[in-house]
A.B. asks: 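This is the structure, below, for whatever I ask next.
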Amino acid sequence: GMFRKSILGYLAEGKRYEALKFYQEKSVHIPKDKRLLDSDFILKLSQAAADLHLGALAVDLMATYKEAKEKAGVTE
């Protein structure tokens with residue numbers, strides 16, 4: 001959806017901080033199940049957080065990504 005596209009757009013432009021800020025501001029308004037549907041962008045956000053030395057946020061995003069994969073029945 002638009003949420004995912006916006007985040008991927010920010011990341012494609014190299015605007016990692018803006019992508020993370022957008023996620024944090026808007027994700028509270030989107031049901032978690034809906035956020036987890038297209039979870040590929042969450043992994044990219046986690047990497048952006050790690051690159052910006054935001055370790056706690058990177059870990060939280062990785063946990064969200066792992067939860068999404070588990071709900072989808074994907075094991076690594």
Side-chain angles (χ1 to χ4, degrees):
M2 258 338 250
F3 179 67
R4 180 180 169 275
K5 277 187 180 177
S6 295
I7 290 171
L8 291 175
Y10 280 125
L11 292 174
E13 294 172 10
K15 298 178 178 178
R16 296 176 296 190
Y17 179 78
E18 290 84 350
L20 290 162
K21 185 176 178 186
F22 181 85
Y23 175 81
Q24 288 187 308
E25 288 175 355
K26 304 296 182 189
S27 66
V28 297
H29 302 291
I30 298 171
K32 190 170 187 177
D33 286 347
K34 197 162 183 110
R35 273 184 280 152
L36 296 178
L37 284 177
D38 295 317
S39 62
D40 62 319
F41 73 95
I42 296 175
L43 187 59
K44 292 176 183 179
L45 272 178
S46 177
Q47 182 60 52
D51 291 347
L52 294 171
H53 305 287
L54 301 171
L57 181 55
V59 169
D60 286 348
L61 287 164
M62 280 303 297
T64 299
Y65 178 75
K66 184 178 179 196
E67 180 183 346
K69 291 301 167 196
E70 286 171 356
K71 283 188 178 231
V74 176
T75 55
E76 305 203 19

A.B. asks: Return each pair, listed once, that meets salt bridge (charged side-chain N to carboxylate O under 4.0 Å, His left out) where at least one residue sits in residues 3-14; pairs must be two or more places apart or across chains.
C.D. replies: Arg4-Asp40, Glu13-Lys15

A.B. asks: Which class fits the ring pair Tyr23 and Phe3: parallel under 30°, tilted 30 to 60°, perpendicular over 60°?
C.D. replies: tilted

A.B. asks: For residues 42-56, which side-chain donor-acceptor pairs fall under 3.5 Å, sequence neighbours excluded?
C.D. replies:
residue : atom : partner : partner atom : Å
Ser46   : OG   : Ala58   : O            : 3.0
Gln47   : NE2  : Asp51   : OD1          : 2.7
Asp51   : OD2  : Arg16   : NH1          : 3.3

A.B. asks: Please round to the nearest 0.5 Å and tell me the distance separating atom NZ of Lys26 and atom NZ of Lys21.
C.D. replies: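 One finds 10.0 Å between NZ of Lys26 and NZ of Lys21.
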
A.B. asks: Per the side chain to side chain contact (heavy atoms under 4.5 Å, CB included) rule, which among Ile7, Leu11, Leu57 passes with Leu20?
C.D. replies: Leu57

